[in-house]
Each structure stands twice: as C-alpha cells, then as structure tokens.
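Everything quoted here is computed from the prediction, not taken from an experiment. The first residue in the sequence is number 1, and the count goes up from there.
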Amino acid sequence: MSLYGWKSFFEDEDRPEKPRKYGVTEMRGPHYSLFSQGLLQDVFESMGQFVDGLKFSGGSHSLLPETFIREVTKMAHKHNVYVSTGDWAEHLLRKGPSAFKDYIEECKKMGFDTIELDVGSLGVPEETLLRYVRMIKGSGLRAKPQFAIKFDKSDIPDKIDRAFAAYVVPTARTSEFVEDVDLLIRRAERCLEAGADMIMLDADDVCRQADSVRADIIAKIIGRLGLERTMFEASNPRTSEWFINQYGPKVNLFVDHSQVMDLECLRGRRLGKNHTSVLGSSYYLF
C-alpha cells in the first residue's frame, strides 16, 4: 500500500514495489557536494519509496571515513535501498593482481551491494574484465559494468577472421577515439553472460543533454540488451523526461538526489504530462 495518495505502484500503471527489477531509480550520493547523514536520512524518510539505489560517485567512498560509509549503508538498507560504488576500481590495478580481490572484500565489509566497473577507465583486456565480473558475483555482490560509446581505435577488433587461439600482434595505443556501438553491445552482452546484473551507460555523447540525445544509439542498445538490464545516466530533468516519454516508467535511470521527486512524478501516469504543476519543484525538500 502506497503512503502517497497521488501515487500507486500497480504494475499496469507504473511498476511494482521494491525491490524492483525495472523502473529503477539510482541516486547519486556524495560527490559534487558533501552529504551529511542527516540529509540522506531526510531523503530516505521522505522519498525512500522511490529510491532503489544509492551510488558513491567518482570514488568518493575512498575519501570518506569507514564509519561514515558503514552508517550510510546501514541506513540505506533499512529503507530497502542498495548501495553501489562508483568508478574507482581502475586505481587499484597498479597495486598488483590481488588488489582487486581485496577491494571486493573491503566493499563487502563496508556494506556495499554493487560494484561498478568503469570499462573505459579500467582499460583491461576483455577476458580480464569478465574475470572481474565473475569475481564480484562469486563474492555475493552485484556487478555493474559502465560503458561509453567511444573506444580507443586500437581496441576496435580487426575484421579479419582468425583461428581460435591464434597469436595476435598487439596494437599500439592511439589518442584517437572512435564511436562503435556494436562493440559496446557485444562487450556488454558478454558481461551479462558472465553474470553482470546491470549495464550502466555513461551520459557523455549519449544522453548528456535532452536536445542532443542520441536516440538511435539508445534504441539500439535497449533493443539488444533489454530495458531491464540497462541503466542510463540522466543529467538533468529534461533528459529524464525524454526517457520516460520514449520508454515509459520502466526505464532505469541514474539521477542526482535533487531530481528524485521530479522523476517519480514523471513515472506516475496519474499526474499527467505537466508534473511540475502538481507538486512544484522537488528542490523545496532540501
């Protein structure tokens, strides 16, 4: 039963109650501004029904005291909100092969549920990436690789067919980045086959601004990977509105904490198209 008179979670209208497999709203945690436990508590108590996940973006969890992170993860779990790392794992590679395993165990101890892997920043061979996904899943955590549509030109596979296990001469790294959505999808599919729970799509060059959103690329990714297994970063309310208009309330979106209420208004069909006229801006909560 919903606590909000204007909102329900009947499946034919919107999406089911938490934990949800689609229509997921992941909220940005400490990154651009410092969050206090009090602010997070206010968000969870006022809008916890609409928040599925909390992400510590940009490696912010590496700068915060462990006691703070443990308290935040405990608070999130109390409101049935999962907690995810951001793009930080790539900084561990220089510490040796065991560093990633230690990182997984440390995240698990601090209460994280999901580990995000920024594929572009990691810069590891595909088989190594898949091994990382399996390591995360083997530890009992959720794996969420993050992809961008631009790759170093040297990463684009040669079109020439080779026999299995044939030696391939290494290609020198270049400074030229090439857009290749087919390569993105193929690698994402392999990550899902290895056990990844969700594929995160970087907003850069895809959906940073609603006026220049790459609808063709987004449609191709969703068509191949499925709506439930993809999550898109919506950098502003207009981008969120574009996604809801195109794909309905079941699309998974990553937004700033200040956008949660506006996004939920967009997801709920009962509010009509002009959601801001019903509740006004959600910024009044903060």
For R190, what residues pass the side-chain hydrogen bond (donor to acceptor under 3.5 Å, both in side chains) criterion, not counting sequence neighbours? E126, E127

What heavy-atom pair brings V83 and G111 nearest, and what distance separates the two atoms? CB-O, 4.5 Å

Tell me whether V24 shares a hydrophobic cluster with F56, the cluster being built from Ile, Leu, Val, Met, Phe, Trp, Tyr side chains joined at under 4.5 Å. no

Between R267 and V251 the two heavy atoms that sit nearest each other are NH1-O, 2.8 Å

Without swapping roles, check the side chain of T25 against the backbone of V260 for a donor-acceptor pair under 3.5 Å. no

Working for side chain to side chain contact (heavy atoms under 4.5 Å, CB included), residues M47 and H79: CA-CA 10 Å; M47 297 184 292; H79 292 273; over 6 Å; no

Are L141 and L117 connected, step by step, through hydrophobic side chains (Ile, Leu, Val, Met, Phe, Trp, Tyr) whose heavy atoms are closer than 4.5 Å? yes

Membership question, hydrophobic clusters at under 4.5 Å side-chain separation (ILVMFWY): are L184 and L122 in the same one? yes

Residues which pass ring-ring contact (aromatic ring centres under 6.0 Å, His included) with Y82, listed by chain and number, not counting sequence neighbours: none

Quick one: side-chain hydrogen bond (donor to acceptor under 3.5 Å, both in side chains) partners of S240, sequence neighbours excluded? none

Report yes if the side chains of P16 and Y22 come closer than 4.5 Å at any heavy-atom pair, otherwise no. yes

Residues passing the side-chain contact (heavy atoms from CB on, under 4.5 Å) test with M198, sequence neighbours excluded, are K144, M231, N252

Please, which pairs that meet ring-ring contact (aromatic ring centres under 6.0 Å, His included) have at least one residue in residues 180-204, sequence neighbours excluded? none

Set of residues satisfying side-chain contact (heavy atoms from CB on, under 4.5 Å) with respect to A148, sequence neighbours excluded: D202

Separation between CD1 (I149) and CD1 (I218), nearest 0.5 Å, reads 9.5 Å

With side-chain hydrogen bond (donor to acceptor under 3.5 Å, both in side chains) as the rule and sequence neighbours excluded, what pairs involving residues 105-115 come up? H77-D113

Between D216 and V181, is any pair of side-chain heavy atoms under 4.5 Å apart? no

Transitively linked via ILVMFWY side-chain contacts under 4.5 Å: F254 with I115? no

With sequence neighbours excluded, tell me which residues meet side-chain hydrogen bond (donor to acceptor under 3.5 Å, both in side chains) with K220. D182

Going by the ring-ring contact (aromatic ring centres under 6.0 Å, His included) test, which pairs reach into residues 234-253, not counting sequence neighbours? F232-F243

L130 side chain near C191 side chain, heavy-atom distance below 4.5 Å: yes

For the hydrophobic clusters of this structure (ILVMFWY residues joined by side-chain heavy atoms under 4.5 Å, transitively), does one cluster hold both M200 and V124? no

Are any non-hydrogen side-chain atoms of K137 and D197 less than 4.5 angstrom apart? yes

Assess whether side chain to side chain contact (heavy atoms under 4.5 Å, CB included) is satisfied between E228 and K250, documenting all intermediate values. CA-CA 8 Å; E228 294 184 14; K250 295 182 179 181; over 6 Å; no

How far apart are the closest heavy atoms of F112 and I69, and which atoms are they? CE1-CG2, 3.8 Å

Heavy-atom pair of closest approach, residues A234 and T239: CA-CG2, 4.0 Å

Distance check, rounded to the nearest 0.5 Å: R142 atom CZ versus S84 atom OG? 9.0 Å

Among residues two or more places apart or on two chains, list those pairs meeting salt bridge (Lys or Arg N to Asp or Glu O under 4.0 Å) that have a residue in residues 69-83. E66-R70

Donor-acceptor contact below 3.5 Å, side chain K18 vs main chain V51: yes

Identify, with sequence neighbours excluded, every residue that meets side-chain hydrogen bond (donor to acceptor under 3.5 Å, both in side chains) alongside K21. none

So, the side chain of T85 versus the backbone of E116: is there a donor-acceptor pair under 3.5 Å, distance only? yes

Per the ring-ring contact (aromatic ring centres under 6.0 Å, His included) rule, what does the pair list look like for residues 178-197, sequence neighbours excluded? none

What's the shortest heavy-atom distance between A188 and L225, and which atoms? CB-CD1, 3.8 Å

Rounded at 0.5 Å granularity, tell me how far CG in L253 sits from CG in L263. 5.5 Å

With a 4.5 Å cut-off on side-chain heavy atoms, are I199 and R229 touching? no

Distance check, rounded to the nearest 0.5 Å: Q259 atom CD versus E241 atom CD? 12.0 Å

How long is the span from the CZ atom in R20 to the CZ atom in F50, to the nearest 0.5 Å? 8.5 Å

If you measure from CE on M75 to CG on L40, what distance do you get to the nearest 0.5 Å? 6.0 Å

Write down the atom of P145, the atom of V133, and the distance for their closest heavy-atom approach. CG-CG2, 4.2 Å

